[in-house]
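To start, the structure under review is shown below, and the notes come after it.
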Amino acid sequence: MTGCIVKAVGIAAPGLHGWSASLDVLRGSATHVPTPESPYAPALLPQNERRRATAAVRQAFRAAEDAVAGFSAAGLASVFASSDADMAVLNRICSALAQSPRVISPTDFHNSVHNAASGYWSIAVQSMQPTTTLAAFDASFTAGLVEAVALARERDADVLLVVYDAVAPEPLLTKRPLAHSAGVALVLGSSAQDNATPLARIELGFAGGGETRCANESLEAMRVANPALRALPLLELLAAGRAGSVSLRGPGELRVTVDCKPWT
Amino acid sequence: MKPLAITSYTVTSAVGRGRAAHLAALRAEKTGLAEQRFADAALPCWIGAVAGLESVSLPRELANWDCRNNRLAELALGADGFLDAVGAARARYGAARIGVFVGTSTSGVHQTELAFAGRARDAAGAAAGALPDWFDYRTTQSTFSVADYTRLRLGLAGIASSVSAACASSAKVFASAARAIEAGFCDAAIVGGVDSLCLTTLYGFNALQLVSPEICRPADAERKGLSIGEAGGFALLERAQPGATACLGAGESSDAHHMSQPRPDGAGAVLAMRSALGTLAPQQVSYINLHGTATPANDSSEDTAVTTLFGTHTPCSSTKGWTGHTLGAAGIVEAAISLLAIEQGFMPRSLNTRTLDPKISAAVLLGARTGKVEYVLSNSFGFGGTNCSVLFGPAPVERA
């Protein structure tokens, strides 16, 4: 078993507008109403980059900024995980390439890289720390978590994990039908040295069997409709401050189990 | 990081299929680049296309994964006895204990380009309506597709992901594999990179005015930009015995500067190289395989970084004059060339470089060199300001 400490959480999804505001819903003491998110202007991005940042990048920032409040963001190494990164840009580029003459916007092209959000983040917080970007389709949260735990151990330092995916426009939407955009972020660390009390200690393992579902129907619908929200069963444990174990989708038949013990 | 032995590796690019083809081309100074068109692209430029992809067929049970990028993965996996080496490792470790980390920047996007071109047209001739039924997003376009294909093709059942950090992708796989093994998430790892030609990168780099109309000329005073190539390569990493040729370090950093321009002062690259070296003194490095894309900005910024850390005497060269810039596959291609350099005591020249840019002061090789090659550093940098350097050499007798 390999683990780390969860120090902070961020979330941006319909009806889950930030970690603090989502606690009651995740604890089951308030009803989840999937109200859409309002438009978001990342607070940390410089003007020039803010103008160029796409909806997918904003989605990543929304969760990341929620999680890092209270941390020195420039000092955090980071892992960004996304199944599809920016499908709106992909849709635009592939549409442009199907026309004559073929004209791609240079900004679209640099925004098309899977690590665009990670690049904007390092510029925004002026961090020269390592950052990596992964994809594992619907297991992207799990792959990101595995990588971030390994990175926190390797560096013996805090790591920001950001997992996000944004809805595609048509015609791509039919081929990759995510129901809504969402982002989840965690600050993970190998030791609890700061003044702030961590949320929990987690240990990762492997198992077969099924994925843990959300008991609440509305949250369960959210969980399966965006790869980032495969994290919801874990976030429910963290919000409730409950000990427990969840089984998350892995890249294949494998499940990744997360044993969670609240920090007391 | 703890050294990881490279117990098997392979590379396929425009130069040829497998290590022997690469070594022969490097020695003969024969480029794989050609002035030709990809698909119906009308751009006048040189490209590094892998021959024979049209006739590659995937195993029947993986037929849904069929696209140019996974065909290139299939072609690459089948060379140099790599499948057998992985089979033996699978028997030793178990299928669930070998991780898979594959770098790609564009995965199967060419399939998506074909799907968009295949949309019905409305009366005015504009594309309209749905994408064709044959287009399968998950198995082709999805960034994970190539890592998933690799995992399934090799019969592995452990952790797997695509690392997609632009042109640093398949250098960063070494870092991801090392920490996954160290954390105990796997006992060995397949690392690799596959990126294939597509309209997106040709027209995209063209829009940024980074594509050279002539063959790319890294570090040349008259360099006009990059030539795009495609390639696939893989390596099997296992905990190293002393003396084994190993990956000794993988350093990562961010520029925090600009989405598509490197920091002129090379400070991000310096951080990555220093981190890869660990405790090894810079003067112990025999040869540096440069990122060397042949764009004016990259070669100049990288030169500043290299000379900041190494001074002006460490032999170095870019090998993109042979393969073109293979983007998300560049890291693994140049890792393979670095390993060939160590095995053969051979340092390739900077191909197509006629007159070294007088502003470049690193020891760029204008002719091949032979001699003992002990430690090699390989650089890969990408959009988003992401940097990665990987160090190869003999695993020390006492582990670091």
Side-chain angles (χ1 to χ4, degrees), chain A residues 2 49 52 81 83-85 90 93-95 97-99 102-106 108-116 118-120 122-123 125-137 139-140 143 146-147 149-151 153-154 170-172 174-176 204 206 250-254 256, chain B residues 1 96 100 105 109 112-113 115-117 119 127 129-131 135 137-138 141-144 147-148 151-152 157-166 172 175-176 178-180 182-185 199-200 203-205 207-208 252-260 267-268 271 382-386:
Chain A
T2 300
E49 277 73 22
R52 292 175 172 174
S83 169
D84 308 298
L90 174 69
I93 288 179
C94 287
S95 299
L97 290 171
Q99 286 170 8
R102 292 172 171 145
V103 182
I104 297 185
S105 132
D108 268 352
F109 182 57
H110 83 222
N111 279 335
S112 76
V113 295
H114 207 88
N115 60 317
S118 131
Y120 279 109
S122 67
I123 293 169
V125 303
Q126 281 296 294
S127 171
M128 295 182 75
Q129 296 288 325
T131 178
T132 197
T133 307
L134 311 174
F137 204 64
S140 292
V146 166
E147 178 85 12
V149 169
L151 184 60
R153 285 171 56 91
E154 178 185 73
E170 288 292 5
L172 264 185
T174 305
K175 294 291 187 177
R176 181 55 167 145
L204 272 53
F206 300 105
E253 301 69 36
L254 174 91
V256 172
Chain B
M1 62 174 265
V100 173
S105 67
V109 75
T112 315
E113 293 166 356
F116 272 76
R119 291 172 76 192
L131 295 170
F135 174 60
Y137 183 96
R138 178 175 72 92
Q141 158 63 39
S142 159
T143 305
F144 185 50
D148 203 21
R151 179 185 77 81
L152 293 164
I159 56 169
S161 56
S162 284
V163 176
S164 192
K172 291 172 78 70
S176 289
R179 52 184 164 254
E182 188 57 27
F185 293 135
L199 300 173
T200 300
Y203 283 90
F205 279 110
L208 289 167
E252 301 167 281
S253 74
S254 306
D255 268 4
H257 172 69
H258 191 273
M259 286 301 289
S260 56
L271 278 179
F383 276 7
T386 183

| query | Which atom names give the shortest non-hydrogen contact between B:Ala256 and A:Gln126, and what distance separates them? | reply | O-NE2, 3.0 Å

| Nearest atoms (heavy-atom pairs only) where A:Pro251 meets B:Ala160 | CG-N, 3.5 Å

Leading residue by heavy atom contact count with chain A [cutoff under 4.5 Å; candidates [options]]:
options                                : result
B:Leu208, B:Asp148, B:Val100           : B:Leu208
B:Ala175, B:Ser161, B:Gly204, B:Gly382 : B:Gly204
B:Ala180, B:Ala130, B:Gly158, B:Ala96  : B:Gly158
B:Ser105, B:Ala117, B:Gly129, B:Ser253 : B:Ser253
B:Arg179, B:Arg138, B:His257           : B:Arg179

Interatomic distance, [X] atom [atom1] to [Y] atom [atom2] [nearest 0.5 angstrom]:
X        : Y        : atom1 : atom2 : value
B:Ile159 : A:Leu254 : CD1   : CG    : 8.5 Å
B:Asp255 : A:Ser127 : CG    : OG    : 11.5 Å
B:Glu182 : A:Glu154 : CD    : CD    : 8.0 Å
B:Glu113 : A:Leu97  : CD    : CG    : 5.5 Å
B:Ser254 : A:Gln129 : OG    : CD    : 8.0 Å
A:Leu151 : B:Glu252 : CG    : CD    : 7.0 Å

| Should the pair B:Tyr137 and A:Phe137 be assigned to parallel (<30°), tilted (30 to 60°) or perpendicular (>60°) ring geometry? | tilted

Taking [options] one by one, which has the highest count of heavy-atom pairs under 4.5 Å against chain B?
options                                : value
A:His114, A:Met128, A:Glu253           : A:Met128
A:Val113, A:Val146, A:Thr174           : A:Val146
A:Ser112, A:Ala116, A:Ala85, A:Ser95   : A:Ser95
A:Val256, A:Asn111, A:Val103, A:Asn115 : A:Asn115

| Does any donor atom in the side chain of B:Tyr203 or A:Arg102 lie under 3.5 Å from an acceptor atom in the other side chain? | yes

Examine whether an atom of [X] lies under 4.5 Å from a heavy atom of chain A, and if so say whether it belongs to the side chain, the backbone or both; otherwise answer neither.
X        : answer
B:Ala267 : both
B:Thr143 : both
B:Leu271 : side chain

Any side-chain heavy-atom pair of [X] and [Y] under 4.5 Å:
X        : Y        : answer
A:Ser83  : B:Phe144 : no
A:Leu172 : B:Gln141 : no
B:Val109 : A:Leu90  : yes

| task | Go through the atoms of A:Ile93 and report whether side chain, backbone, both or neither lie under 4.5 Å from a heavy atom of chain B. | result | side chain

| remark: Under 4.5 Å to a heavy atom of chain B? For A:Thr132 that would be both

